[in-house]
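Taking it in order: structure first as structure tokens, then the write-up.
These numbers come from a predicted model, not from an experiment.
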Amino acid sequence: MIEYANYEKALIVTGDGDFYCLVDYLLKKDKLLNLMIPNKNRFSSLFRKVNQHIIFMNNLRDMCEYKKGK
């Protein structure tokens, strides 16, 4: 939050509900780009309220990995 005025959008990486107030505030101020959650099987239920902004990291390797011949 110290750098709030120095960026357009924030990408928050957490599954911990302790950060819900930060995510909610950024969303209300239109400063939240996305919420990346490391484990789609274990994250705070508070974040279900911002479901449209969630990216689960479980499958990122498959999405980003270079596959020879493709």
Side-chain angles (χ1 to χ4, degrees):
M1 291 304 294
I2 294 170
E3 298 295 327
Y4 182 83
N6 298 323
Y7 62 88
E8 291 180 31
K9 299 276 183 173
L11 174 65
I12 306 297
V13 181
T14 188
D16 186 340
D18 288 348
F19 292 95
Y20 176 74
C21 60
L22 171 64
V23 170
D24 187 50
Y25 181 80
L26 291 172
L27 185 60
K28 288 176 181 174
K29 297 295 183 179
D30 196 33
K31 287 277 224 174
L32 181 67
L33 177 63
N34 282 310
L35 170 63
M36 293 186 79
I37 296 179
N39 186 345
K40 68 180 178 181
N41 300 314
R42 289 186 47 91
F43 66 97
S44 174
S45 62
L46 292 171
F47 291 129
R48 296 188 200 286
K49 298 174 186 176
V50 295
N51 196 36
Q52 70 275 14
H53 294 279
I54 293 176
I55 297 172
F56 293 107
M57 297 172 64
N58 297 63
N59 300 325
L60 282 182
R61 181 176 180 178
D62 292 335
M63 292 170 45
C64 298
E65 186 175 50
Y66 173 76
K67 295 186 172 108
K68 190 174 181 178
K70 288 190 176 186

* Among residues two or more places apart or on two chains, list those pairs meeting salt bridge (Lys or Arg N to Asp or Glu O under 4.0 Å) that have a residue in residues 37-50. =>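 The answer is none; no pair qualifies.
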* Asked: What pairs meet the salt bridge (Lys or Arg N to Asp or Glu O under 4.0 Å) rule with one or both residues in residues 6-20, with sequence neighbours excluded?
  ->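 Qualifying pairs, neighbours excluded: Lys9-Asp30.
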* Flag the pair Met36 / Leu60 as yes when at least one side-chain heavy-atom distance between them is below 4.5 Å, and no otherwise. =>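 The answer is yes, as the side chains (C-beta and beyond) meet within the 4.5 Å cut-off.
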On a heavy-atom basis, which atom in [X] and which in [Y] lie closest, and how many Å separate them?
| X | Y | result |
| --- | --- | --- |
| Phe47 | Tyr20 | CE2-CA, 3.7 Å |
| Gly15 | Pro38 | N-CD, 4.1 Å |
| His53 | Leu33 | ND1-O, 3.8 Å |

* Going only through I, L, V, M, F, W and Y residues with side-chain contacts under 4.5 Å, is there a path from Leu11 to Met57? ->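 Looking at the clustering, Met57 is in the same group as Leu11.
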* In the single-linkage hydrophobic clustering (I, L, V, M, F, W, Y; side-chain heavy atoms under 4.5 Å), do Leu46 and Tyr25 co-cluster? ->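 Looking at the clustering, Tyr25 is in the same group as Leu46.
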Using 0.5 Å steps for rounding, measure from the [atom1] atom of [X] to the [atom2] atom of [Y].
| X | Y | atom1 | atom2 | result |
| --- | --- | --- | --- | --- |
| Leu32 | Leu22 | CG | CG | 8.5 Å |
| Phe19 | Thr14 | CZ | OG1 | 5.0 Å |
| Ile12 | Ile55 | CD1 | CD1 | 12.5 Å |

* Asked: Counting only N and O atoms by type, is there a donor-acceptor contact under 3.5 Å from the side chain of Lys31 to the main-chain atoms of Tyr7?
  ->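 Between the backbone of Tyr7 and the side chain of Lys31 there is a qualifying donor-acceptor contact (under 3.5 Å).
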* Asn39/Asn58 under side chain to side chain contact (heavy atoms under 4.5 Å, CB included): CA gap, chis, key distance, verdict -> CA-CA 6 Å; Asn39 186 345; Asn58 297 63; 3.6 Å; yes
